[in-house]
Amino acid sequence: MNRHGGNYAGASDRTIGRRSLLKAAGATALASTLAATTAGRAAAEEERTWDAIVIGAGYAGGTAARELTAKGLKTLVIEARGRIGGRIWTGSFAGEQVEIGGGWFGPGQTNVERELQRYGITTSADVASTRAVMPSTTGFASQAPADAFGHLGTLFGQFYAGSETYFERPLEPLYRKDLLPSVDATSLAARLNQLGLSPTDQKWINGSTSVFAGGPSSTGGLAGMAQWYQLAGGTYDGFLSTMSLKPAGGMISLLQAMLSGSSARILYNSPVTSVTDTGFGLTSVKTAAGWTYQAPVVVVAVPVNVWRTITFNPGLPKAHADAALEGVGVPTATKMWLQLKGVTDAVYAQAPEGSPILMMLPQKQLADGSRLYVAFTGANLNVSDAAAVKAAVAGIVPEATVVSYRAMEWGKDTYTRGGWALRKPGQLLRQLPAIQQPHGRMVFAGSDIASGWYGAFVEGAIESGLRAAQQAAALAG
Ligand SMILES: Cc1cc2nc3c(=O)[nH]c(=O)nc-3n(C[C@H](O)[C@H](O)[C@H](O)COP(=O)(O)OP(=O)(O)OC[C@H]3O[C@@H](n4cnc5c(N)ncnc54)[C@H](O)[C@@H]3O)c2cc1C
């Protein structure tokens, strides 16, 4: 597995003062959330009219807010939760800082690289695997990581054959639109069936494709994963490297830095229920508590799967409405942290589609000899059932004992309603670029609708936030 060490100079954690908390900042995870929230709310409630409103304080909304304030626009961010970050959530488990949502950056993600450099945030390489446990004819077998990843590379090379042509410019996915109709219509499962692989080789691939599809491989589109593969350089090593770097201070540290340096104000714990274009040059945003705020332009930076819970007046255009109905965020996306004893080496494990646990990645070794692991689980595992979790781990790594675990079911989260996004078959051609266009005085942002590293990457959220800020500034002016 390729592991790249980062090389950015500077510090990681920042101490954020009360003034910044009232202004904006991503300090909720660090300081007294309630106090900050109450103070922020009181201050913001005095002002109902803004130059711009951003709904959602994830990486897309945070980027848009920073850019809009930099253009001199008085900007209010309205966030449903008591924290910034959305699908990025730097939390804790077993006394360690861990990522409950997105966990890694990768080299070549130029927006992230530029922002890390701008704020002087360093990165470190993730833990390297020392053993791979992969499906075999009789269950599972251990291999040297280089052998396992080498074979996976060969299989995925076949799987994505042709993608270097149909995604000749992967940052512009429609550049070879002429070649895409059949690719876009193909599901991951259908592509796998085209290859005629042995049953064991099929299991090597379908565990991975069902992780990224966040459900059955039949629901995820080939085009989505093939685009990521080409963005990562068209090699399996490159694809693995998208999960290789961790920023100092956790995944949230960059967003905290971006918002700390901005004058945007954040209103926490305020789910938006409706967005209405008044027809008089203003858009009105209403929160669940009944407060309304107005601005000439509103950036909707909530996950696409959440759009259906917000009333838009006038209603959304077809591409947006279709996406909201179909969903782009994958349905399951359950990420589990495990503390395991009894395994002395750093095990990377993959299981066939339909298994309770689909993938395990080794993380930090603790002082007591136990090791932390990240696992992505399938729909078949009830993560509330500790006995089932233990049995699932034992099914892959029999020598392991589960000391403790923490699971987050993103598909059940009210303000996400899905995990990362992977376009379903047909969604690329039906939705891009229409879904990136403003609707009256409403502008849309989010990694779910990015062009390049869309869906499963903070990189795409930043790309989309930058575009939305430009669109919004034009409308606000
Ligand atoms: C388990 C998991 C693992 C991942 N792994 C990686 C990874 O390793 N690397 C990587 O780069 N990316 C990863 N991703 C994807 C990455 O987290 C997302 O692409 C990115 O964070 C999305 O940013 P966003 O701003 O578009 O959306 P979000 O982060 O979802 O932000 C949207 C914001 O809107 C808020 N909101 C929702 N509804 C409302 C409402 N009604 N009113 C007001 N606010 C509302 C939410 O609370 C949230 O703060 C992962 C995602 C998940 C779930």
Side-chain angles (χ1 to χ4, degrees), residues 26 28 53-65 76-90 99-106 109 111-112 126 211-212 214 228 242-247 251-252 254-255 258 266-275 285-289 293 298-312 328-337 359 361 374-377 407-411 413-422 444-450 453-465 468:
T28 44
I53 293 173
V54 175
I55 307 172
Y59 264 91
T63 302
L76 176 67
V77 180
I78 307 182
E79 168 55 47
R81 306 180 205 261
R83 61 172 179 84
I84 62 165
R87 281 171 274 182
I88 295 303
W89 182 10
T90 303
E99 302 298 343
I100 311 298
W104 299 275
F105 294 125
Q109 297 182 346
N111 287 308
V112 171
D126 199 14
V211 167
F212 285 97
W228 293 337
T242 62
M243 303 196 302
S244 65
L245 296 178
K246 295 177 168 192
M251 290 289 279
I252 201 64
L254 176 58
L255 184 59
M258 291 166 81
I266 303 183
L267 193 59
Y268 291 102
N269 299 312
S270 303
V272 165
T273 53
S274 70
V275 184
V285 176
K286 191 171 179 183
T287 67
Y293 301 88
V298 170
V299 177
V300 180
V302 306
V304 168
N305 288 18
V306 172
W307 290 356
R308 60 179 179 264
T309 69
I310 296 175
T311 304
F312 293 95
V328 301
V330 303
T332 305
T334 299
K335 180 175 177 179
M336 180 161 66
W337 278 90
M359 194 179 272
L361 301 158
V374 163
F376 291 96
T377 74
M408 173 67 188
E409 297 177 271
W410 286 95
D413 178 80
T414 309
Y415 301 119
T416 304
R417 295 174 181 266
W420 54 83
L422 175 70
F444 298 87
S447 70
D448 300 351
I449 61 168
W453 293 90
Y454 84 95
F457 301 96
V458 162
E459 172 72 9
I462 297 177
E463 174 216 296
S464 172

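First listed ligand is number 1; within each ligand, the first listed atom is number 1.
Between the R83 side chain and the G86 main chain, a donor and an acceptor come within less than 3.5 Å of each other. Between the side chain of K335 and the backbone N or O of G101 there is at least one donor-acceptor pair closer than 3.5 Å. Side-chain atoms of T90 come within 3.5 Å of backbone N or O of I252 as a donor-acceptor pair. Counting only distance, with no hydrogens or angles, the side chain of N305 and the backbone of V328 share a donor-acceptor pair below 3.5 Å. No donor-acceptor pair under 3.5 Å is formed between the side chain of E409 and the backbone N or O of G411. The backbone N or O of S447 lies less than 3.5 Å from no partner atom in the side chain of W453, so there is not a single donor-acceptor pair.
Note on ring orientation: taking the six-membered ring where Trp is involved, the planes of W228 and F457 are perpendicular (angle over 60°, cut-offs 30° and 60°).
Geometric assessment of R87 against the ring of W410 yields a negative cation-pi assignment under the 6.0 Å and 45° thresholds.
Between E79 and ligand 1, at least one pair of N/O atoms sits closer than 3.5 Å. In terms of N/O distances under 3.5 Å, ligand 1 is approached by Y59. The shortest N/O to N/O separation between A333 and ligand 1 does not fall below 3.5 Å. Looking at T416 next to ligand 1, no N or O pair under 3.5 Å apart turns up. The shortest N or O to N or O distance between R87 and ligand 1 is under 3.5 Å. Taking any N or O of A80, backbone or side chain, at least one lies under 3.5 Å from an N or O belonging to ligand 1.
No side-chain heavy atom of E79 sits under 4.5 Å from any side-chain heavy atom of Y415. The side-chain heavy atoms of D448 and Y454, taken from C-beta on, include no pair separated by under 4.5 Å. No side-chain heavy atom of L255 sits less than 4.5 Å from a side-chain heavy atom of I88. Between Y268 and R81 the shortest side-chain heavy-atom distance does not fall below 4.5 Å.
If you check which protein heavy atom lies closest to atom 37 (C) of ligand 1, you get Y415 O, 3.4 Å. Here the heavy atom of the protein found nearest to atom 12 (N) of ligand 1 is A456 O, 2.8 Å. Nearest protein heavy-atom neighbour of atom 36 (N) of ligand 1: V302 CG1, 3.6 Å. Residue, atom and distance of the protein heavy atom nearest to atom 22 (C) of ligand 1 are S447 OG, 3.4 Å. Of the protein's non-hydrogen atoms, the one nearest atom 52 (C) of ligand 1 is W420 CE3, 3.5 Å. Nearest protein heavy-atom neighbour of atom 32 (C) of ligand 1: A301 O, 3.3 Å. If you check which protein heavy atom lies closest to atom 23 (O) of ligand 1, you get A461 CB, 3.6 Å. In terms of protein heavy-atom proximity, atom 9 (N) of ligand 1 is nearest to W104 O, 2.7 Å.
Near G85, the atoms of ligand 1 lying under 4.0 angstrom from a non-hydrogen atom of the residue are 29 (O). The distance from ligand 1 to the heavy atoms of V458 drops below 4.0 Å at these ligand atoms: 10 (C), 11 (O), 12 (N). Remark: ligand 1 atoms within the under-4.0 Å shell around heavy atoms of G58 are 25 (O), 29 (O), 31 (O), 33 (C), 49 (O). Every atom of ligand 1 with a heavy atom of G446 under 4.0 Å away is listed here by number and element: 26 (O). Less than 4.0 angstrom separates some heavy atom of V306 from each of these atoms of ligand 1: 38 (N). Proximity to A60 (heavy-atom distance under 4.0 Å) selects the following atoms of ligand 1: 25 (O), 26 (O). Within ligand 1, the atoms closer than 4.0 Å to a non-hydrogen atom of G455 are 15 (C), 19 (O), numbered from 1 in the order shown. Shown in contact with R81 at under 4.0 Å from a heavy atom are these atoms of ligand 1, numbered in order with element: 46 (C), 47 (O).
For the pair M243 and ligand 1, no heavy-atom separation below 4.0 Å is found. Distances from ligand 1 to the non-hydrogen atoms of S464 include no value under 4.0 Å.
Here W410 has side-chain heavy atoms under 4.0 Å from ligand 1, and that is the only part of it that gets that close.
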Residue pair F105, M251: steps toward the side-chain contact (heavy atoms from CB on, under 4.5 Å) verdict: CA-CA 8 Å; F105 294 125; M251 290 289 279; 3.8 Å; yes
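Nearest-heavy-atom check against atom 42 (N) of ligand 1 across I78, N305, V272, D448 picks out V272.
Atom CD1 in I55 sits 9.5 Å away from atom CG in L76 (nearest 0.5 Å). Note that NZ of K246 is 7.0 Å distant from CH2 of W104, once rounded to the nearest 0.5 Å.
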